[in-house]
Amino acid sequence: MIRSIHEQLKNGEVTATGLAEAYLSRIAERDGELGAYLTVLGEQALASARIVDGKIARGEDIGLLEGIPCAIKDNMCRTGTRTTAGSKILDGYIAPYDATAVSRLLEAGSVVLGKTNLDEFAMGSSTESSAYRQTRNPIDPERVPGGSSGGSAAAVAADLAVFALGSDTGGSIRQPASFCGVVGLKPTYGRVSRYGLIAMASSLDQIGPFAKSVEDAAIVLSEIYGYDPADVTTAESDGKRFEDFLSGDIRGLRIGIPKEYLSEDLDPRVRSVFETAVERFRSLGAEVREISLPHAKYALPVYYIIMPSEVSSNLARFDGIRYGMSVDDGSDRFKESDSLLETYLDSRAYGFGPEVKRRVMLGTYALSAGYYDAYYKKAQRVRSLIRRDFSEAFRDVDLVFSPTSPEPAFRFGAKGDDPLKMYLSDVYTVTANLAGIPAVSFPMGTVTEDGKELPLGGQLMAKWFDEETMLRAADAYERASAGER
Ligand code: GLN
């Protein structure tokens with residue numbers, strides 16, 4: 001899609017301004033119901049588009065992302081605009097700087113249409129915990145778009161942006177991509193700078209793209225990755241343009257299926273779509289074999305100890321003084337506090353929603369004296385074993401393949417009252433974050449529920465910094481599916 005729009009821009013079939021206007025009017029028309037955006041940046045978008053049109057009019061060359069409309073998850077900063085992370089506690093916060101991933105897109109000439117909805121502080125799998133609005137799944141408005149980057153996934157699926165950025169701490173790009181039928185890519189830990197991303201769990205967070213095709217996701221990654229002095233975890237750029245690796249040829253590629261992932265209780269419909277997908281990879285010439293990730297069964301409990309521990313520490317900065325809302329705002333909405341401690345406590349009690357509070361408490365508990373060794377330290381040890389499982393698996397195979405999520409999009413409220421049920425949605429995705437490896441979700445097939453065809457994503461995981469092999473396989477699959485339709 002990006003390439004064809006790029007060609008149309010170059011040969012004058014469309015203008016960047018015309019394109020931005022078309023997307024903005026679609027947003028105005030549809031987003032009231034869909035709820036993908038929290039903030040629409042109409043003026044800014046048109047101003048960036050005019051710059052691109054000026055360049056084209058002067059006969060200057062334009063880059064692949066120039067004039068391409070995109071959306072940004074609202075936990076990434078954009079100078080001078082509201083950045084809420086889906087939380088009431090950041091109500092009124094105006095970001096004073098750009099996240100590096102955002103500034104790279106702006107430098108590449110992409111047109112930012114707005115900021116998208118998410119679960120509060122990216123905690124959740126349905127976008128239902130946003131303090132601001134509900135986002136509907138464009139395929140079936142009775143269902144959730146997944147989460148936490150539900151707004152970004154829905155925006156791309158409903159053509160309210162050509163691509164979008166999301167963040168993925170335990171699956172928040174891949175699972176909503178699966179639910180909305182688009183491509184979602186979580187790069188290797190350290191690929192993309194998190195400077196300006198409101199931190200959830202710093203040893204797990206990564207930024208990555210949502211797009212309509214594997215090629216588009218590859219193009220966006222090529223623009224945003226690389227070393228950033230403002231994020232010490234970033235790796236030096238290896239100069240790759242990921243879209244150059246999409247040859248369509250995966251003959252001889254070794255793909256491993258973890259036997260631990262295909263347990264008895266896997267939904268038979270998901271299993272059958274997955275088995276068909278395995279056959280497709282085989283027919284494309286890949287060598288598919290069973291592998292073992294012996295510690296995979298501990299991934300979810302390990303994640304739900306390490307993640308809240310880091311959450312409790314990262315979220316300590318929201319104190320009702322430095323950012324966003326405060327109970328001491330001089331309004332008569334709140335009781336005036338008698339002490340600084342009361343300001344902290346009351347602002348946090350009011351500003352954070354129940355899921356965030358639950359995780360801050362879980363994390364504080366896991367880190368507290370007397371429990372630290374039994375929970376946090378032990379979880380870190382098991383995390384090393386999970387990482388080692390992958391190092392060993394990648395001696396025998398190039399990629400690991402699984403479903404992205406154990407189920408298709410569920411209905412609103414289906415898991416709302418039961419946090420544990422919600423956490424189980426993350427069973428296939430958290431391992432890649434714990435190991436730090438890249439993973440991509442791509443449309444694998446569909447299941448029919450209540451007369452609706454619901455998309456299901458397949459997940460490919462690759463070795464550290466080997467996004468290109470994983471994208472090549474997902475792209476080959478996409479081409480084969482397109483041929484079938
Ligand atoms: N659903 C997972 C959670 O609730 C993942 C969140 C994320 O990746 N940001 O923690």
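Order of appearance sets the numbers: ligands from 1, and atoms from 1 within every ligand. Note: hydrogens, waters and symmetry copies are ignored here, and every other heavy atom, side chains too, is used.
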Less than 3.5 Å apart, N/O on ligand 1 and N/O on the protein: could you list those pairs with the distances?
residue  : atom   : partner : partner atom : Å
ligand 1 : 1 (N)  : Gly124  : O            : 3.0
ligand 1 : 1 (N)  : Ser125  : OG           : 2.9
ligand 1 : 1 (N)  : Asp426  : OD1          : 3.0
ligand 1 : 1 (N)  : Asp426  : OD2          : 3.1
ligand 1 : 4 (O)  : Gly124  : N            : 2.9
ligand 1 : 4 (O)  : Tyr304  : OH           : 3.4
ligand 1 : 4 (O)  : Arg359  : NH1          : 3.3
ligand 1 : 4 (O)  : Arg359  : NH2          : 2.8
ligand 1 : 8 (O)  : Thr169  : N            : 2.7
ligand 1 : 8 (O)  : Gly170  : N            : 2.6
ligand 1 : 8 (O)  : Gly171  : N            : 3.3
ligand 1 : 8 (O)  : Ser172  : N            : 3.0
ligand 1 : 8 (O)  : Ser172  : OG           : 2.7
ligand 1 : 9 (N)  : Ala122  : O            : 2.8
ligand 1 : 9 (N)  : Ser172  : OG           : 2.7
ligand 1 : 10 (O) : Tyr303  : OH           : 2.7
ligand 1 : 10 (O) : Arg359  : NH1          : 2.8

Electrostatic pair Arg191-Asp238, nearest N-O below 4.0 angstrom: yes

Can Glu407 and Arg269 be counted as an ion pair, charged N to O under 4.0 angstrom?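 Answer for the salt bridge query: no.
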
Using the ring of each side chain (for Trp, its six-membered ring), is Phe318 parallel, tilted or perpendicular to Tyr323, with breaks at 30° and 60°?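 The rings of Phe318 and Tyr323 sit tilted, inter-plane angle from 30° to 60°.
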
Residues forming a salt bridge (charged side-chain N to carboxylate O under 4.0 Å, His left out) with Asp450, sequence neighbours excluded: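 For Asp450, the residues satisfying salt bridge (charged side-chain N to carboxylate O under 4.0 Å, His left out) (neighbours in sequence not counted) are Arg143, Arg411.
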
Check salt bridge (charged side-chain N to carboxylate O under 4.0 Å, His left out) between Asp231 and all other residues, then give those that pass, not counting sequence neighbours. Arg194

Side chains of residues 364-371: which donor-acceptor pairs under 3.5 Å do they make with residues two or more places apart or in other chains?
residue : atom : partner : partner atom : Å
Thr364  : OG1  : Val360  : O            : 2.5
Ser368  : OG   : Tyr365  : O            : 2.7

